[in-house]
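See below for the structure under consideration.
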Amino acid sequence: MTEAAQMAGERAGRRGRSGGGAARRAERTAVSVETARFIERNIPDYEVLDARAIEVIEANAETVLEEIGVVFSDNPEALERWRQAGAHIDGERVRIPRGLARKLCATAPATFTQHARNSARNVEIGGRNLVLAPVYGPPFVRDAEGGRRYATIEDFRNFVKLGYMSKWLHHSGGTVCEPTDVAVNKRHLDMLLAHMVYSDKPFMGSVTAPERAQDCVEMCEILFGKEFVAENTVMTSLININSPLTFDGIMMGALEVYAKANQACIISPFIVGGAMAPVSVAGTLTQVLAEALAGVAYSQLVRPGAPVIVGAFVTSIDMNSGAPTFGTPEASLITYGMGQLARRMGLPYRSAGAFCGSKLPDAQAGYESANSLNMGLLSGVNFMLHACGWLEGGLVASYEKFVMDADQLGALHQMAKGVDISEEMQAMDAIREVGPGGHYLGCAHTQANFKTAFWRSEAFDYKPFETWDEEGARDTQSLASARVAKLLGDYRQPPLDPEIAQRLTEYVEKRKASMSDSFS
């Protein structure tokens, strides 16, 4: 980062934190919100592919690109970029000579910083780090009181607030739910404004049309300053590949906007095994790698050095009903394997989340989500979208599951620390003090470390049966409902320079007034 950019960032940070008397008064009365630093793994990655398997899959992926090719639909400029790079163009199909895509991918950074308006919330994406972001995209929401219903902009703002209040979430995310009461062509403006105003964590931009991506860039220029945005990454966006082997013009148009602006893109195949990819693990890994190579390479044709994240959204299909299934062994094997392949590309990796197919935040949801979260930690994921709130195969954002999942993310933080073998943690003095047949409850080592020795859930009930029964015998969903109410009740908006807030609001109002509502 240049000195000018650093100074611009510091000015933006001061505006975000203070910005005059009104903002300073708000800061003094704000509830203190603790956010854990992004995870830095001190445990090894779990690797399922041996050298022979990697060699075969990488060779097969190159064969797919060279002989079968990929489609760039409705995008003549993309076809021309590929032609000039040396690919063979046949209609909208692009056949990429062996080795060309990987060569182009080499200019993408291995790690990058996504800046938040509160610089204390900046995240480092790549390397041994793991950044956790909430659910993305559900058109429905669910809570224990109202049940399942279409999401509104009020729901969206509530989820942004819950994300801001959640200690273990590092990122505000993107479309945490689809606000269906706002026109499709305008809702990106209200969503991004909510992320900017109701949270000071990093956020994601819109990808549903190139012009909407451009709106997001311009709003960031208001929030951070135009020069700072030009030289730093302040947004991440989700660019899904239409598997198998198709890159549509809308998503690629959004990618082009963000890459040109030096903003990050998650380039992610969307895989439902047996429908959008082969039923075999090796076959799916081959296709995912080919798609990722082509997508990342194209981002570098747009702008060499543009930050990207290699994605892999992976699930399998129930062959009886056709419904997607989650937390399955096959999806785990693909996620682990793609982690190895992404590391060999030298790029950050996105995958996993609190996935489940359950209709309620019940035992099925818990089992499937736990399997999915743990595989994400162990597979070396660097950016985990859908880390909390996902229900019903991604159709529903659940209030209760949001706080239940967000609580469990604390266990990932603790696990990632690994084993501390410092002299204090070897505990030899404690073992000597207690000796045979004693207990450790009162020894000096326990007294010195009991507050931090064990991770403890803030959502689960650990009381004796009698106490639990007297307090209403509440199940986990009931406890989560109470926690949602408390977090939203305690929420205080993080301070933002009133001038910047006004300029953002005016931008949104002007853009919305410039077009008629469209719900398609």
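Excluded from the calculations below are hydrogen atoms, water molecules and symmetry mates; all remaining heavy atoms, backbone and side chain alike, are included. Quantities reported herein were computed from a predicted structural model and do not represent experimental measurements. This chain uses plain numbering: 1 for the first residue, then up along the sequence.
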Could you grab the distance from atom CE of M345 to atom CG of L293, nearest 0.5 Å is fine?
4.5 Å
Test your reading of the model: is there a side-chain donor-acceptor pair from R492 to the backbone of V33, 3.5 Å cut-off?
no
Residues D200, R117: salt bridge by 4.0 Å N-O rule
no
Shortest non-hydrogen separation from S206 to C216 and the atoms involved:
N-SG, 3.4 Å
Is the side chain of D143 donor-acceptor paired with the backbone N or O of Y399 at a distance under 3.5 Å, no angle test?
no
How many angstroms lie between atom CG of L193 and atom NE2 of H188, to the nearest 0.5 angstrom?
11.5 Å
Distance, nearest 0.5 Å, that separates CG of N262 from CZ of F112
10.0 Å
Heavy atoms of N371 and G327 approach each other most closely as ND2-O, 3.4 Å
Given the rule in the side chain to side chain contact (heavy atoms under 4.5 Å, CB included) test, do M204 and S237 qualify, once you have shown the distances and angles that lead to the verdict?
CA-CA 5 Å; M204 301 174 72; S237 62; 5.6 Å; no
Donor-acceptor check, side chain of S119 to backbone of H115, threshold 3.5 angstrom: yes or no?
no
Output a table of donor-acceptor pairs, distance under 3.5 Å, between side-chain atoms of residues 387-396 and any protein atom two or more places apart or on a different chain; print 'none' if there are none.
{"from": "W390", "atom 1": "NE1", "to": "C356", "atom 2": "O", "distance (Å)": "3.0"}
{"from": "E392", "atom 1": "OE1", "to": "R148", "atom 2": "NE", "distance (Å)": "3.0"}
{"from": "E392", "atom 1": "OE2", "to": "R148", "atom 2": "NE", "distance (Å)": "3.4"}
{"from": "E392", "atom 1": "OE2", "to": "R148", "atom 2": "NH2", "distance (Å)": "2.9"}

Would you say the side chain of I125 lies within less than 4.5 Å of the side chain of Q114, judging by non-hydrogen atoms?
yes
Between S172 and P134, which heavy-atom pair has the shortest distance, and what is it?
O-CG, 3.4 Å
Interatomic distance, L441 atom CG to Q447 atom CD [nearest 0.5 angstrom]
8.5 Å
Partner residues of Y198 under the ring pair (Phe, Tyr, Trp, His ring centres under 6.0 Å) criterion, sequence neighbours left out:
none
Does a side-chain heavy-atom distance below 4.5 Å link F38 with L130?
no
Centroid-to-centroid, F156 to H195, below 6.0 Å?
yes
Check whether E291 reaches the backbone of I241 with its side chain - one donor and one acceptor, N or O, closer than 3.5 Å.
no
Compare all side-chain heavy atoms of L487 with those of V403 and state whether any distance is below 4.5 angstrom.
yes
S268: side chain to side chain donor-acceptor pair (under 3.5 Å) partners, not counting sequence neighbours:
R350
Given 3.5 Å as the limit, does a donor-acceptor pair link the side chain of N240 with the main chain of F270, or not?
no
Here the side chain to side chain donor-acceptor pair (under 3.5 Å) pairs for residues 326-339, sequence neighbours left out, are S316-T328
Is Y258 close to K260 at the side-chain level, that is, under 4.5 Å between some pair of heavy atoms?
no
Applying ring pair (Phe, Tyr, Trp, His ring centres under 6.0 Å), name anything that partners F383, two or more places apart in sequence or on another chain.
H171
Option passing salt bridge (Lys or Arg N to Asp or Glu O under 4.0 Å) with E58 (candidates R344, R98, R52):
R344
Relative to the ring of F355, is the ring of F313 parallel (under 30°), tilted (30 to 60°) or perpendicular (over 60°)?
perpendicular
CA sep, side-chain torsions, deciding dist, call: D429, R432, side chain to side chain contact (heavy atoms under 4.5 Å, CB included):
CA-CA 5 Å; D429 288 345; R432 290 189 179 98; 3.8 Å; yes
In terms of heavy-atom contacts, E368 and G357 come closest through OE1-N, 2.7 Å
Run through V48, L49, L285 and flag the one making a side chain to side chain contact (heavy atoms under 4.5 Å, CB included) with L333.
V48
Among pairs that include at least one residue of residues 298-314, which meet side chain to side chain donor-acceptor pair (under 3.5 Å), considering only residues two or more places apart or in two chains?
R81-Y298, T107-Q300, E256-Y298
Less than 4.5 Å apart, side chain to side chain, heavy atoms only: is that true for L360 and R142?
yes
Under the 3.5 angstrom rule, does the side chain of S457 hit a backbone N or O of A459 as a donor-acceptor pair?
yes
Residue pairs, two or more places apart or on separate chains, that pass salt bridge (charged side-chain N to carboxylate O under 4.0 Å, His left out) and touch residues 39-49
R37-E40, D45-R128, D45-R343, E47-R343
So do W455 and Q408 actually touch side chain to side chain, heavy atoms under 4.5 Å?
yes
Of all residues at least two apart in sequence or in a different chain, which pass the side-chain contact (heavy atoms from CB on, under 4.5 Å) check with A277?
I271, T284, Q287
Any non-hydrogen side-chain atom of I39 less than 4.5 Å from a side-chain atom of N129?
no
Between S358 and K401, a side-chain donor and acceptor under 3.5 Å
no
Can you pull out every ring pair (Phe, Tyr, Trp, His ring centres under 6.0 Å) where at least one residue sits in residues 411-432? Sequence neighbours excluded, please.
W168-H413, H170-H413
For T452, side-chain contact (heavy atoms from CB on, under 4.5 Å) partners two or more places apart:
none
Find the distance between CG (L169) and OG1 (T35) and round it off to the nearest 0.5 Å.
8.5 Å
Quick check: does any side chain N or O of Q263 sit under 3.5 Å from a backbone N or O of N232, one acting as donor and the other as acceptor?
yes
Does E458 offer a backbone N or O that forms a donor-acceptor pair with the side chain of D407 under 3.5 Å?
yes
Side chain to side chain contact (heavy atoms under 4.5 Å, CB included) assessment of L377 paired with I43:
CA-CA 9 Å; L377 176 68; I43 57 175; 4.1 Å; yes
Among all residues two or more places apart in sequence or in another chain, which pass the ring pair (Phe, Tyr, Trp, His ring centres under 6.0 Å) test with Y136?
none
Please tell me if the side chains of L289 and V64 come closer than 4.5 Å, counting only heavy atoms from C-beta onward.
no
Backbone of F140 reached by a side-chain donor or acceptor of E178 within 3.5 Å
no
Main chain of H445, side chain of N449: is a donor-acceptor contact present, judged purely on distance under 3.5 Å?
yes
Residues two or more places apart in sequence or in another chain: which of them pass ring pair (Phe, Tyr, Trp, His ring centres under 6.0 Å) with F402?
F159
Any chance you could lay out the side chain to side chain contact (heavy atoms under 4.5 Å, CB included) test for I309 and N382, step after step, and finish with the verdict?
CA-CA 9 Å; I309 303 170; N382 301 114; 5.8 Å; no
S379 OG to N374 CG distance, which is reported to the nearest 0.5 Å
10.5 Å
Using side-chain hydrogen bond (donor to acceptor under 3.5 Å, both in side chains), reason through D475 and S478 one step at a time and then give a plain yes or no.
CA-CA 5 Å; D475 62 13; S478 298; 2.9 Å; yes
